[in-house]
Amino acid sequence: MIDTGGEKHRYGQHYTPRNVAKLLAAFAVRSESDLVFDPSCGDGRLLAEAQRLKRIKSSRRRRRAAPEVYGVDRSAQAVKHAAKTGARVAVADFFDVKPGATISQAVTLPEAFDAIVGNPPYIRQEVIGDKDKQRIRARLDLDRAASRDIFWSRWSGRSDIYVYFFAHATCFLRRNGRLVFLTSSSWLDVGYGAALREFLLANFSVIAVIESGCESFFDDASINTSITVLEREADPARRRSNLVRFVKLCKPLAEILKASKNRSGTSASSAIKLARSIERVSVPATFDTRVRLVKQSELTPAVAGRQGFMRSQEHSWSWGRFLRADDIFFRVLERGGARLQPLSDLARVRFGVKTGANDFFYVDERSTDNGSMAKAAGNLRALNEVASVRRGLTTGVNDFFYLPAPSPQPAFPIIESQYLSPVVFSLKEIPDIILARAPAKKLFFNCSASKDELIGTGALRYIEEGERAGFHLRPTCASRDPWYAVARGIKPAPLIFPSKIGERWLVALNRSGVFEDKKLYGIFPANGVSELTLAALLNSTWSRYYTEVTCRQMTGAQAIADIDVAVAGQIMIPDPRELSPRIRRELESALKAIACRPVLSVFDEIVRADRRRLDALFLEAMGFNERLEREEALNQLYEAASALVRARLTKRSVTSFS
């Protein structure tokens with residue numbers, strides 16, 4: 001791998017591991033005459049694999065392989081390395097390029113390609129930059145005007161950059177051409193991925209989506225990744241009838257390819273054999289891979305398919321479940337049927353507090369002094385620049401010299417208690433389901449009064465210190481009137497829901513009246529929905545499992561599930577108002593039993609009798625009325641939920657292959 005220094009971070013480069021590159025090329029290249037394009041070619045390893053496959057295919061037919069393999073990249077150093085593969089490469093930003101464009105004296109792109117294969121950069125929308133966003137938006141507007149045969153989605157402003165790579169690359173692809181990308185898996189689940197899923201369904205036959213269940217593809221990125229294999233298809237009937245193969249690799253890819261190599265005799269052929277075996281699967285299968293088949297028409301949000309229960313308004317319907325969920329997931333969905341409702345129909349789910357200036361709004365029990373304000377504003381100095389330092393007093397007889405004295409008046413403003421509210425930052429601060437006492441870590445400066453109303457108060461002095469430090473100029477703060485009124489019109493939520501989970505899961509009953517930070521969500525039950533019953537349902541292992549298979553999986557230093565607010569709103573549970581009085585009473589009783597103790601990791605929870613009682617009642621509410629069937633389903637649910645967490649932890653600890 002080449003060392004591009006700062007370019008790697010700036011351009012979001014994570015070069016494709018060799019075995020993954022082989023598989024990507026095997027899906028993309030189907031003929032020795034294919035025109036191939038990599039729009040973010042990096043050091044050229046995908047280009048090299050594409051050429052190798054073209055040579056293999058031509059040698060089988062005793063033909064000479066066509067050399068037309070093209071690539072562009074923003075990094076001049078990477079392109080210099082990629083040129084050694086013999087491909088036609090040039091330095092260019094993909095969004096500055098159009099089909100047929102002349103990029104350099106040596107490189108003029110064809111009007112259309114048979115295959116586009118790539119590993120687009122990993123750049124989140126927050127760091128793309130306004131200038132680049134405008135440039136990309138302008139390019140996609142030109143694409144929309146020039147390609148009337150393509151259905152164009154309304155792209156979310158929250159989209160990561162690879163979403164736009166899918167869109168722009170489509171303009172370079174001829175009919176029935178292949179598009180094969182390695183990207184973050186986030187688009188399968190998060191809200192901004194809905195537009196991409198719609199785009200793919202309307203323009204392609206989705207051949208396969210592939211994710212590893214046992215390893216990360218990169219050792220220097222904290223994201224889960226997946227391979228998407230698409231084929232340009234203009235016929236709506238063919239798209240609807242296409243079988244999408246959701247593939248989970250059950251062994252490390254290197255092991256799968258090695259086994260295939262032993263059977264076939266050549267390493268290059270092993271990737272081709274694996275790709276073709278996946279493409280030909282027509283019934284659900286499990287070998288080195290687990291393949292779940294879903295008709296493409298059933299992935300359209302307006303359709304109720306056997307694999308799940310969708311409504312037209314559920315635009316964020318996740319595809320990740322088809323990769324990660326075991327059969328018990330779909331069995332419970334099918335049994336629950338009309339009993340199931342998304343959480344968003346039963347409660348309002350809100351984002352936690354986003355202050356825009358945590359250094360100001362989250363304070364200790366005593367307000368910060370001017371020096372702390374200067375530090376928060378970034379005016380840092382070494383201590384010896386602003387003061388002399390000496391050793392403290394040594395009395396020799398502390399009992400004589402140190403006498404008790406009245407507490408001195410504070411030199412800095414003390415904020416009145418009515419302007420301070422307790423706040424909770426993460427699940428780590430919530431040991432039990434019932435949050436009866438506010439964490440003592442920080443207090444939230446919660447003031448909406450005008451400055452005139454605050455004359456003579458410590459709160460006003462604190463606000464003025466904040467303004468001297470420049471907090472009121474920060475964009476989030478400046479958009480408020482007054483700038484310090486973060487929580488105007490909002491109140492503490494009855495239930496607190498996690499946005500990130502590791503081994504523990506709980507939805508807290510907020511008895512202490514704390515506000516939740518942006519790392520948590522607030523839940524407000526709808527009219528007639530019992531707060532306690534809803535808490536019991538949300539604390540079930542089913543709710544945890546449902547959330548886990550539909551949210552973004554993080555596999556870096558912290559192996560966590562990252563839950564988008566839209567994902568939280570789509571958790572499917574029975575409507576508490578429709579449950580029998582007996583089930584409601586017993587669910588609430590079971591919740592209270594668990595609430596008497598700290599909530600443990602999933603591995604410890606599933607062996608506890610009180611946990612089993614709550615989850616068994618949940619399954620009974622879902623229609624599992626026979627005891628033996630319910631026990632079987634419960635054991636399968638526990639195995640699936642713990643296996644999912646275990647796989648995430650394994651990915652964190654396993655070194656990525658090269």
Side-chain angles (χ1 to χ4, degrees), residues 151 153 166 179 185-211 213 226-248 278-286 289-345 542 545-551 564 566-567 569-573 622-623 640:
F151 170 84
S153 297
F166 276 103
L179 173 56
S185 297
S186 299
W187 69 273
L188 296 165
D189 305 300
V190 299
Y192 71 71
L196 178 57
R197 298 193 292 272
E198 178 188 42
F199 178 80
L200 300 185
L201 292 173
N203 296 299
F204 295 91
S205 289
V206 182
I207 305 302
V209 181
I210 305 164
E211 189 176 87
S226 59
I227 298 168
T228 307
V229 184
L230 307 166
E231 194 167 297
R232 189 86 166 82
E233 180 55 72
D235 186 342
R238 289 186 177 180
R239 290 199 305 269
R240 288 194 298 269
S241 62
N242 174 61
L243 286 177
V244 182
R245 296 152 183 86
F246 289 96
V247 183
K248 183 172 81 170
I278 290 172
E279 292 174 0
R280 292 168 184 156
V281 171
S282 57
V283 294
T286 300
T289 62
R290 187 191 70 186
V291 183
R292 178 168 281 114
L293 299 170
V294 183
K295 186 178 281 190
Q296 191 158 316
S297 60
E298 294 184 356
L299 295 174
T300 303
V303 175
R306 188 172 176 276
Q307 302 284 351
F309 298 86
M310 293 171 273
R311 293 173 170 79
S312 58
Q313 72 268 26
E314 290 179 33
H315 57 85
S316 59
W317 172 251
S318 160
W319 290 7
R321 66 195 68 196
F322 301 115
L323 288 166
R324 304 177 201 120
D326 284 356
D327 290 342
I328 185 60
F329 177 85
F330 302 104
R331 184 181 170 195
V332 173
L333 280 179
E334 190 169 359
R335 181 64 62 87
R339 299 179 180 87
L340 291 165
Q341 301 288 326
L343 177 59
S344 58
D345 283 1
W542 163 260
Y545 185 51
Y546 191 99
T547 305
E548 290 246 21
V549 300
T550 57
C551 73
D564 187 273
V567 171
Q570 295 305 316
I571 298 173
M572 302 297 283
I573 56 176
M622 297 285 274

Could you state the interatomic distance from [atom1] ([X]) to [atom2] ([Y]), rounded to the nearest 0.5 Å?
X: L323; Y: I210; atom1: CG; atom2: CD1; result: 9.5 Å
X: I278; Y: R280; atom1: CD1; atom2: CZ; result: 11.5 Å
X: R232; Y: F204; atom1: CZ; atom2: CZ; result: 6.0 Å
X: F151; Y: L200; atom1: CZ; atom2: CG; result: 11.0 Å
X: I207; Y: Q296; atom1: CD1; atom2: CD; result: 8.5 Å
X: L243; Y: E279; atom1: CG; atom2: CD; result: 13.5 Å

Distance-minimising heavy-atom pair for [X] and [Y]:
X: Q570; Y: S344; result: NE2-OG, 3.9 Å
X: L293; Y: P284; result: CD1-N, 3.7 Å
X: V291; Y: T289; result: CG2-OG1, 3.9 Å
X: W187; Y: S226; result: NE1-OG, 4.0 Å

| Looking at V567, D189, L188, V549, which one forms a side chain to side chain contact (heavy atoms under 4.5 Å, CB included) with S318? |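 Only match with S318 under side chain to side chain contact (heavy atoms under 4.5 Å, CB included): D189.
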| field | Residues in salt bridge (charged side-chain N to carboxylate O under 4.0 Å, His left out) contact with R245, at least two apart in sequence or another chain | value |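 Residues passing salt bridge (charged side-chain N to carboxylate O under 4.0 Å, His left out) with R245: none at all.
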| task | Please identify each residue that fulfils salt bridge (charged side-chain N to carboxylate O under 4.0 Å, His left out) with R238, with sequence neighbours left out. | result |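 Partners of R238 by the salt bridge (charged side-chain N to carboxylate O under 4.0 Å, His left out) criterion, ordered by chain and then number, come out as D235.
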| said: Taking the side chain as everything from C-beta on, heavy atoms only, tell me whether V244 gets closer than 4.5 Å to F322. | reply: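 They are not in contact (no side-chain heavy atoms under 4.5 Å apart), so the answer is no.
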| message | Measuring only between side-chain heavy atoms, which start at C-beta, is F166 closer than 4.5 Å to L230? | response |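 Of all side-chain heavy-atom pairs linking L230 with F166, at least one is under 4.5 Å.
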| message | In terms of relative ring orientation, are W319 and F246 parallel, tilted or perpendicular, with 30° and 60° separating the classes? | response |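 Perpendicular, since the angle between the ring planes exceeds 60°.
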| message | Checking S186 now: which residues fulfil side-chain hydrogen bond (donor to acceptor under 3.5 Å, both in side chains) with it, not counting sequence neighbours? | response |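 Once residues adjacent in sequence are excluded, the partners of S186 under the side-chain hydrogen bond (donor to acceptor under 3.5 Å, both in side chains) criterion are S184.
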| query | Between R290 and D326, is there a side-chain N and carboxylate O pair less than 4.0 Å apart? | reply |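 Salt bridge flag = yes for D326 with R290.
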| Of the options R292, R321, R324, which is the one that meets E211 in a salt bridge (charged side-chain N to carboxylate O under 4.0 Å, His left out)? |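 Considering R292, R321, R324, a salt bridge (charged side-chain N to carboxylate O under 4.0 Å, His left out) with E211 is found only for R324.
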| said: Tell me if a side-chain donor or acceptor on R239 pairs with a main-chain N or O of E233 at a distance below 3.5 Å. | reply: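 Confirmed, R239 side chain pairs with E233 backbone.
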| task | Show your working on ring pair (Phe, Tyr, Trp, His ring centres under 6.0 Å) between F329 and Y546 and close with a plain yes or no. | result | CA-CA 8 Å; F329 177 85; Y546 191 99; 5.3 Å; yes
